[in-house]
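So the structure is just underneath, and the comments pick up after that.
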2 protein chains.
Amino acid sequence: MPSLTYAEENYLKAIYHLSDGGKNNVSTNDLSKEMKTKPASVSDMLRKLSEKEVINYRKYYGVTITEEGKKSALQIIRKHRLWEVFLVEKLMFSWDEVHDVAEELEHIKSPILIQRLDDFLGNPKYDPHGDPIPDEFGDVKARPRLPLNELMVNDGGQIVAVKDSSAAFLRYLDKVGAYIGARIKVLDKVEFDGSLEILVDNKKTLFMSKDVAGNILIMQTS
Amino acid sequence: MPSLTYAEENYLKAIYHLSDGGKNNVSTNDLSKEMKTKPASVSDMLRKLSEKEVINYRKYYGVTITEEGKKSALQIIRKHRLWEVFLVEKLMFSWDEVHDVAEELEHIKSPILIQRLDDFLGNPKYDPHGDPIPDEFGDVKARPRLPLNELMVNDGGQIVAVKDSSAAFLRYLDKVGAYIGARIKVLDKVEFDGSLEILVDNKKTLFMSKDVAGNILIMQTS
DNA sequence: ATATTTTTTTAGTATAATCTAAATCACTAT
DNA sequence: ATAGTGATTTAGATTATACTAAAAAAATAT
């Protein structure tokens, strides 16, 4: 694995995510939006990442991630998500506070640290947002999942992840008790605007817009 | 507190240590040795640290640390030592493995992270090498301590710290059972070379050169 | 007291990551 | 088929950290 600088790691991670795990091409402009840098800076970085052979770069046509690059990206993601578990489970961070800190911690370079952190946490398979944690070889146990708004009336399941991890959205979910792991059932669907009536943990019912429901991912069980 | 870059933090920490907590002047050459950079690079950095008012710098005459600088340095040291406790107590690192990783972790910028880490660890007062952990205001609870080789025959006490934290030295201590907290008593002193016969934890006796003993710090109890 | 040595600083160069402005390429719409 | 628009790259500048070589200041030794 080529050694990457802090900034290179961040670009590579962004490419991995924007390409949906390496499936799609990513454009310079999209990357510049994601990284909050100018397109000119992105071009420069792409040249460097391409020299290190973690991406395939053809000028003016965007990039794809290489197999090597995918491995590197998955290791960074592994570290990020393990640290998130640590922050939430051991240090009592709420799940909307962890992202920025994990963003820094993920760059600490020490394989033994990550291995021991993983053991200390009990080798978790999912992070606090429900996203799968790659193992040391980069293998991911993905759960089948679909957006809550695609369920039919009377369909039930468990919340396994959220698409939008913004602090505002996570605080909203906290307020209504929609945690990862919560069991939900669709009681009713309003045809007019697609909003839903939901039963949470067999206790509380709540109303939810189609937009919100679209950002909640469900593992269907009925 | 002025915001410092990664490199600036490392220089400031080195200045704090080399000046023995701000008591002495530190020369460009000493700093360049400590930082493993060239004197020219040090001069550059001193100019910058001086602009941020964390050191007093008079060209050709070395530097002293300011009150502001001392506060910043103590916060970095606090973070370093708390992470060392975490690594040893929670992640089962041995005390000779922790330094380099803590060297990276100490630069993570998040006041809330450090506060919660401190609580999670039970607000420890000393790190695994016996060095005191500054509190959030920079206050340090120093224990009175003297080098083992300065004890007289029949003097006893507890090992509270080590001066030399090199991996080799720490492994040696591990081997002979001389942990932080171990109770020791001086059974005999060889006049010729200053070497010592030591009783450890009322169980084991061992022989130790004056050099080794000089690097072990004792809180005397008898 | 001056010459020599050592220490420190300055000047100029290099790499990494960013920027702005200008140039160039690709795509779209007639 | 080409003009115009938008995306992308290149060129040149900036900041941070390091380097080497040369100059300058301080310390030392006769």
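Numbered from 1 within each chain, the chains take letters A, B, ... in sequence-line order.
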*Counting side-chain heavy atoms from C-beta on, which of C:dT8, C:dT9, D:dT8 comes nearest to B:N29?*
C:dT8
*In dot-bracket, 5' to 3', how would DNA chain C read with Watson-Crick or G-U wobble pairs under 3.5 Å, [ ] for crossing ones and | for pairs to another strand?*
||||||||||||||||||||||||||||||
_Quick one, A:I159 and A:I218 - any side-chain contact, counting heavy atoms below 4.5 Å?_
yes
*Quickly work out the B:L31 CG to D:dA18 P distance and round it to whole Å.*
11 Å
_Protein-nucleotide distance (A:L49, atom CG; C:dA16, atom P), rounded to Å_ = 12 Å
*With heavy atoms under 4.0 Å as the rule, sort B:Y11 into base, sugar-phosphate or nothing.*
sugar-phosphate
Can I get a per-line list of side-chain donor-acceptor pairs under 3.5 Å for residues 127-136 of chain A, giving both atom names and the distance, sequence neighbours left out?
residue, atom, partner, partner atom, Å
A:D127, OD1, A:H129, N, 2.7
A:D127, OD1, A:G130, N, 3.0
A:D127, OD1, A:D131, N, 3.0
A:H129, ND1, A:E84, OE1, 3.1
A:H129, NE2, A:W95, O, 3.2
A:D135, OD1, A:F137, N, 2.8
A:D135, OD1, A:G138, N, 3.0
A:D135, OD1, A:D139, N, 2.9

*Residue pairs, two or more places apart or on separate chains, that pass ring pair (Phe, Tyr, Trp, His ring centres under 6.0 Å) and touch residues 40-81 of chain B*: B:H80-B:H99
_Rounded interatomic separation in angstrom, taking CD from B:E51 and P from D:dT15_ = 12 Å
*Does a nitrogen or oxygen in the side chain of A:S27 sit under 4.0 Å from OP1 or OP2 of D:dA7?*
no
_Separation of D:dT10 C1' from A:L46 CG (nearest whole Å)_ = 14 Å
*Quickly work out the B:R47 CZ to D:dT15 P distance and round it to whole Å.*
12 Å
*asked:* Both A:M45 and B:D30 contact DNA chain C. Taking the nearest nucleotide for each, which residue is further toward the 5' end?
replied: B:D30
_Touch class at under 4.0 angstrom, heavy-atom based, for B:Y6 against every strand present_ = nothing
*Geometric cation-pi criterion, B:K90 with B:F120: 6.0 Å, 45°*: yes
*With A:E106, which of A:R81, A:K79, A:K13, A:R78 fulfils salt bridge (Lys or Arg N to Asp or Glu O under 4.0 Å)?*
A:K13
*List in chain and number order the residues that pass salt bridge (Lys or Arg N to Asp or Glu O under 4.0 Å) with A:K23, two or more places apart in sequence or in another chain; answer none if no residue qualifies.*
A:D20
*Using 4.0 Å as the upper bound for N to carboxylate O, is an ion pair formed by B:K210 and B:E150?*
no
Scan nucleotides 19-27 of chain D against the protein and return all N/O pairs shorter than 3.5 Å with their distances rounded to 0.1 Å.
residue, atom, partner, partner atom, Å
D:dC19, OP2, B:K38, N, 2.8
D:dC19, OP2, B:S41, OG, 2.6
D:dA26, OP1, B:Y61, OH, 3.4

*Is any side-chain nitrogen or oxygen of A:T28 closer than 4.0 Å to OP1 or OP2 of D:dT9?*
yes
*Please identify each residue that fulfils ring pair (Phe, Tyr, Trp, His ring centres under 6.0 Å) with A:W83, with sequence neighbours left out.*
A:F86
*Can you see which heavy atom on A:G214 is nearest to which on A:N149, and at what distance?*
CA-OD1, 3.3 Å
